[in-house]
A.B. asks: 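Quick one: this structure, given as structure tokens, is what I'll be asking you about.
The first residue of the sequence shown is numbered 1, and numbering continues consecutively from there.
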Amino acid sequence: MTNLTAIDWIIMLVYFVFVIGIGVVLRRKVKTSSDFFLAGRAIPAWVCGLAFISANLGAQEVIGMAASGAKYGIATSHFYWIGAIPAMVFVGVFMMPFYYGSRARSVPEYLRLRFDEKTRGLNAISFAVMTVFSSGISMYAMARLIEILHFLDAPFARFGIPQSYIFHFSIVASAVIVLAYILLGGLSSAIYNEVVQFFLIVAGFLPLTYLGLKNVGGWHGIVQKLPTAFTHSWVGMSKASTNPLGVEVFGLAMGLGFVLSFGYWCTDFLVVQRAMAADSMSAARRTPLIAAIPKMFFPFLVILPGLIAVALPTQPASVPAGAVIDASTPQAIPGSMGIIPPKIDPATSQVVRDSNGKAVMDYDLAIPNMLLHYFPTGLLGLGLTALLASFMSGMAGNVTAFNTVWTYDIYQSYIRPNATDEHLLWMGRVATVFGIAISMVAAYAATRFNNILDMLQLVFAFVNAPLFATFLLGMFWKRTTGHGAFVGLLSGTASAALHHGLTLSVGAVPGIKGAWLGSVLHLYPSEMAQNFWTAIWAWTACFLVTIVISLLTAPRPEKELVGLVYSLTERPSEENVAWYLRPAILGVIVLGMTALLNFVFW
């Protein structure tokens with residue numbers, strides 16, 4: 001059982017009071033639907049930049065990246081250095097002029113302006129589903145953390161409540177807190193809370209990385225203790241069988257570096273919404289570029305702890321399965337890797353095993369066990385608060401994106417087109433309530449994965465991958481038609497479903513992880529490799545079908561596409577912008593720094 005002292009509880013309590021307080025302060029500024037959904041487009045660039053990265057800095061970042069670091073090694077850094085930074089530069093330099101300049105209130109609304117209503121409707125529905133799944137994953141991660149820490153065991157036992165209810169209670173509690181501050185302050189409340197959460201996460205995980213590195217002998221110590229493939233980002237990438245990710249260079253570059261990364265950062269309204277809240281076009285374009293600078297260094301905060309967790313020595317197996325490893329319990333759970341235990345089936349209390357009989361490791365516990373292993377009183381409270389902040393950030397980001405898309409792109413478009421602004425504001429708050437309720441249901445689906453990042457990449461492969469093909473053609477090929485975009489999106493999603501339903505990864509059981517169509521046409525070395533190729537199939541199908549159908553249907557007149565297509569849009573003027581603030585120059589600097597990091601960890 002984890003024993004938190006008064007100072008640990010006070011730190012967490014102050015955080016919860018603070019996030020609710022931000023919502024209370026901003027409540028009086030929310031008078032219109034634009035204030036609630038778009039923060040009145042009055043947020044400074046640096047605030048939007050930190051919110052842009054923090055909206056993505058949820059459970060998938062902190063828990064998921066550490067889990068992937070333990071599972072796949074330093075190659076997980078590709079999710080940043082080729083799977084995020086180039087796309088963030090692209091959206092800032094090339095795509096924000098269309099989003100911000102068109103005055104669209106959401107990504108689906110841009111699709112209506114560029115294509116037609118049915119394309120907007122299809123994207124709005126698929127995006128709404130994706131956001132509640134992502135929000136549910138954050139809820140699951142928070143509930144799982146609270147459950148394994150056991151600090152609620154005593155209160156529950158005192159009232160005669162079964163320990164199994166702690167997981168359910170944690171989901172409800174996290175939902176209520178996020179619901180409160182979004183209902184109060186809308187997007188503004190979420191954005192300013194995300195800035196606070198950014199600094200909390202840095203303050204909480206910087207000492208964790210330092211203490212862990214010091215304990216294992218620095219990076220040199222990790223290199224000595226782990227296989228070569230775990231400590232080099234590019235070595236072994238020539239073949240899928242010679243690297244932990246189980247993917248070759250083409251699959252990595254195309255699946256992650258192009259389809260998934262550009263599909264997420266360039267089309268996902270969750271992050272684009274933060275840039276659209278900026279106070280000017282120039283600020284909107286700088287938002288993702290500002291965010292890219294701290295983003296490229298986050299592998300040292302969230303991936304390194306995962307490597308350290310498996311590099312630590314596994315002690316004699318003398319602790320019952322299911323126990324939590326902390327400073328007072330140095331021995332490892334039977335079957336552990338370092339301080340990462342195997343996954344335990346709550347129904348049987350037995351170790352979960354794959355189809356080959358191998359224990360399935362609970363990689364999501366890498367960060368929690370690192371915190372318990374290294375942090376003393378006070379610092380433990382700060383670290384746990386940083387974790388809670390990351391969960392709140394991920395949940396709030398998805399919920400604010402969901403309520404905007406639901407209200408503007410589904411409710412106003414198809415259910416009540418003549419609704420007043422006051423009614424739309426009311427509906428936005430109602431959407432926040434039922435969006436969180438659906439997320440709670442989605443949280444239970446996440447229990448089927450031993451690495452939440454794997455689940456997220458699968459969701460993105462179905463939704464974002466084909467959408468990026470639609471945007472790429474729509475913004476840079478004026479001949480693309482609404483019929484082509486609509487049929488292409490359907491084909492891309494169907495292709496992702498077909499590929500996933502006929503493939504499986506090594507050790508996985510047919511079902512939610514693939515092969516649910518009854519046949520296995522291809523076996524991938526890892527779940528991540530399967531996700532990458534699912535995304536490639538989805539993007540390729542959408543891209544090709546969109547081109548074919550567009551050539552067979554009539555395009556819109558060019559005068560209707562001004563401001564929506566690159567070749568027909570006037571470039572934003574930068575005459576009054578200092579050279580070091582110009583997006584193109586900032587983009588080159590960011591890409592150069594990223595290339596250097598790739599070289600250092602080659």
A.B. asks: I need the Gln530 CD to Tyr524 OH distance, nearest 0.5 Å.
C.D. replies: 7.0 Å
A.B. asks: If every non-hydrogen atom of Ala275 is compared with every non-hydrogen atom of Met96, which pair is closest and at what distance?
C.D. replies: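 Looking at all heavy atoms of both residues, the shortest contact is CB-CE, 3.6 Å.
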A.B. asks: Nearest 0.5 Å please: distance from the CG atom of Leu561 over to the CG atom of Leu568.
C.D. replies: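 Reported value, rounded in 0.5 Å steps: 6.0 Å.
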A.B. asks: Among all residues two or more places apart in sequence or in another chain, which pass the side-chain hydrogen bond (donor to acceptor under 3.5 Å, both in side chains) test with Thr131?
C.D. replies: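 side-chain hydrogen bond (donor to acceptor under 3.5 Å, both in side chains) list for Thr131, sorted by chain: empty.
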A.B. asks: Considering non-hydrogen atoms only, spot the tightest contact between Thr546 and Cys542 and give its length.
C.D. replies: OG1-O, 2.6 Å
A.B. asks: Applying the ring pair (Phe, Tyr, Trp, His ring centres under 6.0 Å) criterion to Phe258, which one of Phe543, Phe468, Tyr264 satisfies it?
C.D. replies: Phe468
A.B. asks: Can you list the steps and then say if Arg479 with Thr553 is a side chain to side chain donor-acceptor pair (under 3.5 Å)?
C.D. replies: CA-CA 9 Å; Arg479 185 67 177 75; Thr553 53; 5.2 Å; no
A.B. asks: Phe434 vs Phe402 aromatic rings, parallel, tilted or perpendicular, using cut-offs 30° and 60°?
C.D. replies: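 Rings of Phe434 and Phe402: perpendicular, as their planes differ by over 60°.
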A.B. asks: Could you tell me whether a side-chain N or O of Arg556 sits under 3.5 Å from a main-chain N or O of Arg114, the two making a donor and an acceptor?
C.D. replies: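 Yes: the side chain of Arg556 pairs with the backbone of Arg114.
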A.B. asks: As an exercise, state the distance from CG of Asn464 to CZ of Phe471, rounded to the nearest 0.5 Å.
C.D. replies: 10.0 Å
A.B. asks: Can a side-chain donor-acceptor contact be found between Arg286 and Ser280 if the only test is distance below 3.5 angstrom?
C.D. replies: no
A.B. asks: Using the rule ring pair (Phe, Tyr, Trp, His ring centres under 6.0 Å), only one of Tyr110, Phe269, Phe94 pairs with Tyr99; which is it?
C.D. replies: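 Only one option passes, and that is Tyr110.
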A.B. asks: Is a donor from one side chain sitting under 3.5 angstrom from an acceptor on the other, for Thr119 and Arg112?
C.D. replies: no
A.B. asks: Considering non-hydrogen atoms only, spot the tightest contact between Ala291 and Gly49 and give its length.
C.D. replies: CB-O, 3.2 Å
A.B. asks: Are Ile53 and Pro294 side-chain neighbours, meaning at least one heavy-atom pair lies under 4.5 Å?
C.D. replies: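 Side-chain contact under 4.5 Å: yes.
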A.B. asks: Taking the side chain as C-beta and beyond, is there a heavy-atom pair between Trp533 and Thr503 under 4.5 Å?
C.D. replies: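 When only atoms from C-beta onward are counted, Thr503 and Trp533 do not touch, as no gap falls below 4.5 Å.
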A.B. asks: Counting distance only, does the side-chain N/O of Asp421 pair as donor-acceptor with the main-chain N or O of Ser33 below 3.5 Å?
C.D. replies: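 It does hold such a pair.
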A.B. asks: Do Met88 and Leu289 come close enough that some side-chain heavy atom pair is under 4.5 Å?
C.D. replies: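 Met88 does not reach Leu289 side chain to side chain.
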A.B. asks: Using side-chain heavy atoms (C-beta onward) and a distance below 4.5 Å, is Met475 in contact with Thr480?
C.D. replies: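 Not touching, per the 4.5 Å side-chain cut-off.
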A.B. asks: Can Ser68 and Thr76 be counted as having a side-chain donor-acceptor contact under 3.5 angstrom?
C.D. replies: no
A.B. asks: To the nearest 0.5 Å, what is the distance between CG on Asp409 and CG on Leu111?
C.D. replies: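 Asp409 atom CG to Leu111 atom CG measures 9.0 Å (nearest 0.5 Å).
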A.B. asks: What I'd like to find out is whether the side chain of Leu260 reaches to under 4.5 Å of the side chain of Trp539, using heavy atoms alone.
C.D. replies: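 Not in contact.
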A.B. asks: Judged by modelled atom types alone, do Ser106 and Thr404 share a side-chain donor-acceptor pair under 3.5 Å?
C.D. replies: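 Checked: Ser106/Thr404 side chains show no N/O donor-acceptor pair below 3.5 Å.
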A.B. asks: I need the minimum non-hydrogen distance between Ala45 and Thr287, along with the two atoms involved.
C.D. replies: O-OG1, 4.0 Å
A.B. asks: Are the side chains of Tyr80 and Met296 in touch, meaning some heavy atoms are under 4.5 Å apart?
C.D. replies: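 In short, these two side chains do not touch, never coming nearer than 4.5 Å.
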A.B. asks: Evaluate the criterion side chain to side chain donor-acceptor pair (under 3.5 Å) for residue pair His500 and Trp537; output intermediate values, then yes/no.
C.D. replies: CA-CA 10 Å; His500 186 256; Trp537 278 92; over 6 Å; no
A.B. asks: Search all heavy atoms of Asn598 against all heavy atoms of Trp81 and return the closest pair with its distance.
C.D. replies: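 Reported closest heavy-atom pair: ND2-CB, 3.3 Å.
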A.B. asks: Any side-chain donor paired with an acceptor under 3.5 Å for Gln197 and Ser54?
C.D. replies: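 Short answer, no.
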A.B. asks: Is a side-chain donor-acceptor pair under 3.5 Å present for Tyr72 with His78?
C.D. replies: no
A.B. asks: Could you walk me through whether Thr400 and Ile182 pass the side-chain contact (heavy atoms from CB on, under 4.5 Å) test, one step at a time?
C.D. replies: CA-CA 7 Å; Thr400 53; Ile182 293 179; 4.0 Å; yes
A.B. asks: Working to the nearest 0.5 Å, report the span between CZ of Phe115 and CZ of Arg120.
C.D. replies: 14.0 Å
A.B. asks: Any donor and acceptor pair, going by atom type alone, linking the side chain of Ser135 with main-chain N or O of Asn398 inside 3.5 Å?
C.D. replies: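 Side chain of Ser135 to backbone of Asn398: no pair is present.
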A.B. asks: Please assess Met95 against Phe90 for the test side-chain contact (heavy atoms from CB on, under 4.5 Å), listing each intermediate value before the final yes or no.
C.D. replies: CA-CA 7 Å; Met95 297 186 73; Phe90 185 82; 3.6 Å; yes
A.B. asks: Apply side-chain contact (heavy atoms from CB on, under 4.5 Å) to residues Leu544 and Thr540 and explain how you reach the verdict.
C.D. replies: CA-CA 6 Å; Leu544 295 177; Thr540 304; 3.9 Å; yes
A.B. asks: Tell me whether the guanidinium CZ or amine NZ of Arg105 lies under 6.0 angstrom from the six-membered ring centre of Tyr408 and within 45° of its axis.
C.D. replies: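 Relative to the ring axis of Tyr408, which defines the angle, Arg105 lies inside both limits.
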A.B. asks: In chain order, what residues pass the side-chain hydrogen bond (donor to acceptor under 3.5 Å, both in side chains) check against Ser261, with sequence neighbours excluded?
C.D. replies: none
A.B. asks: Would the distance check show the side chain of Thr432 and the main-chain N or O of Gly428 forming a donor-acceptor pair, the cut-off being under 3.5 Å?
C.D. replies: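 Judged by distance alone, yes, a pair lies under 3.5 Å.
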A.B. asks: Does the side chain of Pro86 reach to within under 4.5 Å of the side chain of Trp265, using non-hydrogen atoms?
C.D. replies: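 No, side chains not in contact.
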A.B. asks: After noting the C-alpha distance and the side-chain angles of Ser174 and Met395, does the key distance pass the side-chain contact (heavy atoms from CB on, under 4.5 Å) rule?
C.D. replies: CA-CA 9 Å; Ser174 62; Met395 291 167 59; 4.0 Å; yes
A.B. asks: Nearest 0.5 Å, what's the CG-CZ distance between Leu424 and Phe36?
C.D. replies: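 Reported value, rounded in 0.5 Å steps: 11.5 Å.
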A.B. asks: For the backbone of Ser491 and the side chain of Ser495, can you confirm whether one donor and one acceptor N or O come within less than 3.5 Å of each other?
C.D. replies: no
A.B. asks: State whether the number of non-hydrogen atoms from other residues, nucleotides or ligands found under 6.0 Å of His483 atom NE2 is greater than 12.
C.D. replies: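 No, because the 6.0 Å sphere around NE2 of His483 holds 12 heavy atoms or fewer from other groups.
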A.B. asks: Check whether any side-chain heavy atom of Ile191 sits under 4.5 Å from a side-chain heavy atom of Glu194, and report yes or no.
C.D. replies: yes
A.B. asks: Counting only N and O atoms by type, is there a donor-acceptor contact under 3.5 Å from the side chain of Gln273 to the main-chain atoms of Gly397?
C.D. replies: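 Here the side-chain-to-backbone pair does not exist.
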A.B. asks: If you take all heavy atoms of Phe127 and Leu270, which pair is closest and at what distance?
C.D. replies: CZ-N, 3.7 Å
A.B. asks: Kindly assign one of parallel, tilted or perpendicular to the pair Phe98 and Phe476, based on the angle between their ring planes and the thresholds 30° and 60°.
C.D. replies: perpendicular
